[in-house]
Student: 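The structure follows.
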Amino acid sequence: MTDGTSFEESIRRYEEQRRRRAELQPAVGAHNKKVLLAALESAGVRRVEVTFDGYGDSGQIDDIAVTDPAGFGLDAPACDVELQQVAHDGAAVTTQVMALPNAIEHICYDLLGAHHPGWENNDGAYGDFVFDVVADQIIYTHNNRYTEVDTSEYEI
């Protein structure tokens with residue numbers, strides 16, 4: 001390593017940072033869920049459906065559909081929310097104010113990265129998130145794609 005750090009020390013630091021991030025993430029996720037669902041409720045939103053798709057080393061949020069209590073489509077409310085985020089090195093929790101549609105995307109990408117890192121690679125994955133404001137829950141459905149090979153070999 002150019003800074004005099006051994007490979008083993010770099011791996012140890014990386015694992016320590018990963019461990020600290022993993023320890024902080026549940027509380028951050030619970031806070032962000034509470035803040036986001038409260039903002040949606042105060043804006044009169046009943047449900048948000050987010051679809052995602054990724055493959056070939058790229059992936060994205062495809063659509064964010066917002067509905068009111070009667071089930072009619074709405075534009076995403078124009079309000080800001082303050083989300084928490086674990087610093088990359090796991091040393092601290094920071095806050096960031098962002099527009100509600102950006103906050104929805106941010107939470108979805110965080111969940112994708114936490115539960116299925118690399119979801120966009122190779123055959124990729126697709127799925128959706130349902131933010132059910134009335135039930136106070138976020139449901140994440142993830143579908144991995146894969147290539148299957150069935151090989152037969154015969155000696156004649």
Side-chain angles (χ1 to χ4, degrees), residues 11-150:
I11 294 299
R12 189 198 64 72
R13 284 183 190 168
Y14 169 77
E15 290 299 326
E16 177 63 21
Q17 291 171 354
R18 194 172 67 83
R19 184 192 60 75
R20 286 194 311 252
R21 284 193 312 269
E23 287 175 356
L24 294 172
Q25 193 58 48
V28 167
H31 167 83
N32 289 347
K33 174 187 168 189
K34 179 181 173 183
V35 167
L36 184 63
L37 290 176
L40 291 168
E41 182 177 36
S42 69
V45 173
R46 182 181 147 274
R47 182 179 179 94
V48 176
E49 295 181 26
V50 179
T51 58
F52 66 91
D53 193 8
Y55 56 89
D57 300 338
S58 97
Q60 66 282 328
I61 300 290
D62 288 330
D63 187 43
I64 299 176
V66 180
T67 56
D68 68 9
F72 293 106
L74 297 171
D75 290 332
C79 64
D80 290 337
V81 295
E82 186 175 281
L83 296 184
Q84 293 181 342
Q85 186 171 359
V86 179
H88 180 71
D89 65 2
V93 174
T94 60
T95 59
Q96 182 177 2
V97 176
M98 59 183 73
L100 188 57
N102 295 349
I104 292 168
E105 280 193 13
H106 180 84
I107 286 175
C108 291
Y109 282 123
D110 273 358
L111 289 168
L112 281 164
H115 293 284
H116 293 94
W119 62 274
E120 73 284 8
N121 293 330
N122 301 321
D123 292 344
Y126 66 96
D128 59 47
F129 296 89
V130 175
F131 295 72
D132 188 333
V133 178
V134 176
D136 193 38
Q137 62 185 3
I138 301 170
I139 300 167
Y140 165 34
T141 303
H142 187 94
N143 306 284
N144 281 322
R145 293 186 187 97
Y146 63 94
T147 301
E148 184 175 332
V149 176
D150 184 10

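Both backbone and side-chain heavy atoms feed into the values below; hydrogens, waters and symmetry mates do not. Along the sequence shown, the residues carry numbers beginning at 1.
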Student: Would you call Arg19-Glu15 a salt bridge at under 4.0 Å N-O?
Tutor: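 No salt bridge links Arg19 with Glu15.
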
Student: Report yes if some heavy atom in the side chain of Asp132 is under 4.5 Å from a heavy atom in the side chain of Arg46; otherwise report no.
Tutor: no

Student: Just list the side-chain donor-acceptor pairs under 3.5 Å for residues 64-75, sequence neighbours left out, or say none.
Tutor:
{"from": "Thr67", "atom 1": "OG1", "to": "Arg47", "atom 2": "O", "distance (Å)": "3.3"}
{"from": "Asp68", "atom 1": "OD1", "to": "Ala70", "atom 2": "N", "distance (Å)": "2.9"}
{"from": "Asp68", "atom 1": "OD1", "to": "Gly71", "atom 2": "N", "distance (Å)": "3.0"}
{"from": "Asp68", "atom 1": "OD1", "to": "Phe72", "atom 2": "N", "distance (Å)": "2.8"}

Student: Please name the pair of heavy atoms, one in Ala125 and one in Asn144, separated by the smallest distance, quoted to 0.1 Å.
Tutor: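 So the two residues come closest at CB-OD1, 3.8 Å.
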
Student: A side-chain contact here means heavy atoms from C-beta on lying under 4.5 Å apart; do Gln96 and Leu83 qualify?
Tutor: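 Not touching, per the 4.5 Å side-chain cut-off.
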
Student: Is there a side-chain contact between Val50 and Asp63, using heavy atoms and a 4.5 Å cut-off?
Tutor: no

Student: Roughly how far apart are His116 NE2 and Asn121 CG, rounded to 0.5 Å?
Tutor: 13.0 Å

Student: Looking only at non-hydrogen atoms, find the nearest pair between Ile61 and Tyr109 and report the distance.
Tutor: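 Between these two residues, the closest heavy atoms are N-OH, 2.9 Å.
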
Student: Side chains of Thr94 and Gln84, heavy atoms from C-beta outward: is any pair under 4.5 Å?
Tutor: no

Student: Where do Val81 and Ala103 come nearest, in terms of heavy atoms and distance?
Tutor: CG2-CB, 3.3 Å

Student: Testing the basics here: between Val86 and Gln25, what is the closest heavy-atom pair and its distance to 0.1 Å?
Tutor: CG2-OE1, 3.5 Å

Student: Say whether His106 and Asn102, considering side chains only, have a donor N or O and an acceptor N or O under 3.5 Å apart.
Tutor: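 No - no donor-acceptor pair under 3.5 Å links their side chains.
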
Student: Report the distance from atom CD1 of Ile138 to atom NZ of Lys33, rounding to the nearest 0.5 Å.
Tutor: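 If we round to the nearest 0.5 Å, Ile138:CD1 and Lys33:NZ are 6.0 Å apart.
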
Student: Would you call Asp80 and Met98 a side-chain contact if the rule is heavy atoms closer than 4.5 Å?
Tutor: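 Answer no - side chains too far apart.
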
Student: Is there a side-chain contact between Phe131 and Ile104 (heavy atoms, below 4.5 Å)?
Tutor: yes

Student: Classify the ring geometry of Tyr140 against Phe129: parallel below 30°, tilted from 30° to 60°, perpendicular beyond 60°.
Tutor: parallel

Student: Any luck finding a side-chain donor-acceptor pair between Asp123 and Thr147 under 3.5 Å?
Tutor: yes

Student: Show your reasoning for whether ring pair (Phe, Tyr, Trp, His ring centres under 6.0 Å) applies to Trp119 and Tyr126.
Tutor: CA-CA 8 Å; Trp119 62 274; Tyr126 66 96; over 10 Å; no

Student: Work out which heavy atom in Glu82 is nearest to a heavy atom in His31; give both atom names and the distance.
Tutor: O-NE2, 3.6 Å

Student: Step by step, work out the salt bridge (charged side-chain N to carboxylate O under 4.0 Å, His left out) result for Arg20 and Glu16.
Tutor: CA-CA 6 Å; Arg20 286 194 311 252; Glu16 177 63 21; 3.6 Å; yes

Student: How close do Val133 and Leu37 get, counting heavy atoms only, and between which atoms?
Tutor: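 So the two residues come closest at CG1-O, 3.9 Å.
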
Student: Do Arg145 and Asp53 sit within salt-bridge range, that is, some charged N less than 4.0 Å from a carboxylate O?
Tutor: yes

